[in-house]
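Just so you know, these numbers use all the heavy atoms, side chains as well, and skip hydrogens, waters and symmetry mates. Computed from a prediction, not measured in an experiment: that's the story for all the values here.
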Amino acid sequence: MIEAVSENKSQEKVVVCNENGLHIRPASMISQCAAKFHSKVELEANGHCVDARGIFDILLLAATKGTTVTITAVGPDHQEAVRAMANLFQEGFPFEAASEN
């Protein structure tokens, strides 16, 4: 559930559900998704906070299956950004499942 932290800031906690955690493909999908929005989007996990537009930053989170990740967006389209990012996590990064078949 998206939490409105302030007038232009939202956040949501999600859990990494894909078997391999946040490796290069999901990190790339997250980065591409974040780049679509004007808001600044950050991910926080394992005590680290990173810019969601940076693939290598996302990899540094070392988020394995079961890791809780907090998505935070600040800016004009903060709610849409958080919703889109949360959907990627909840769907288990659908590109991955399709490429494994």
Side-chain heavy atoms of Asp51 within contact of Val41, under 4.5 Å: no
Pairs flagged by salt bridge (Lys or Arg N to Asp or Glu O under 4.0 Å) wherever residues 28-43 is involved - sequence neighbours left out: Lys40-Glu42
Pairwise distance NZ(Lys13) to OG1(Thr70) - rounded to 0.5 angstrom: 3.5 Å
Let me confirm one number: the CD-CD distance from Gln79 to Gln11, rounded to the nearest 0.5 Å. 12.5 Å
Lys9 side chain near Thr72 side chain, heavy-atom distance below 4.5 Å: yes
For the atom pair NE2 (His78) and CZ (Phe37), what is the distance rounded to the nearest 0.5 Å? 12.0 Å
Less than 4.5 Å apart, any side-chain heavy atom of Gln32 and any of Ser28? yes
Find out whether Val16 and Thr64 are in side-chain contact, i.e. whether some heavy atom of one side chain is under 4.5 Å from a heavy atom of the other. no
Do you know the tightest heavy-atom contact between Ala45 and Leu61? O-CD2, 3.8 Å
Is there a donor-acceptor pair under 3.5 Å between the side chain of Arg53 and the backbone N or O of Ala34? yes
Nearest-0.5 Å distance that lies between atom CG in Asp57 and atom CD1 in Ile30: 11.5 Å
Rounded to the nearest 0.5 Å, the NE2 atom of His38 sits from the CD atom of Glu80 at a distance of 10.5 Å
How far apart are the closest heavy atoms of Ile58 and Ser31, and which atoms are they? CD1-N, 4.1 Å
In sequence, state the C-alpha distance, the side-chain angles, and the governing distance for Gln90 and Glu12, and then conclude on side-chain contact (heavy atoms from CB on, under 4.5 Å). CA-CA 12 Å; Gln90 291 162 356; Glu12 183 169 354; 3.5 Å; yes
How long is the straight-line distance from CG of Asn46 back to OG1 of Thr68, given to the nearest 0.5 Å? 9.5 Å
The remaining residues in the hydrophobic cluster of Leu59, counting side-chain heavy-atom contacts under 4.5 Å among Ile, Leu, Val, Met, Phe, Trp and Tyr, are Ile24, Ile55, Phe56
Quick check: is Leu43 connected to Val74 through a chain of hydrophobic side chains (ILVMFWY, heavy atoms under 4.5 Å apart)? no
Can you confirm whether Phe89 sits close enough to Val15 that some side-chain heavy atom of one is under 4.5 Å from a side-chain heavy atom of the other? no
Phe93 versus Arg25: any side-chain heavy-atom pair under 4.5 Å? no
Under a 4.5 Å side-chain heavy-atom rule over Ile, Leu, Val, Met, Phe, Trp and Tyr, are Leu22 and Leu60 clustered together? no
Side chains of Pro26 and Asn18: closer than 4.5 Å at any heavy-atom pair? yes
Determine the minimum heavy-atom distance between Ala73 and Ser39, stating which atoms define it. CB-CB, 4.3 Å
Ser10 and Val82: which non-hydrogen atoms are nearest, and at how many Å? O-CG2, 3.6 Å
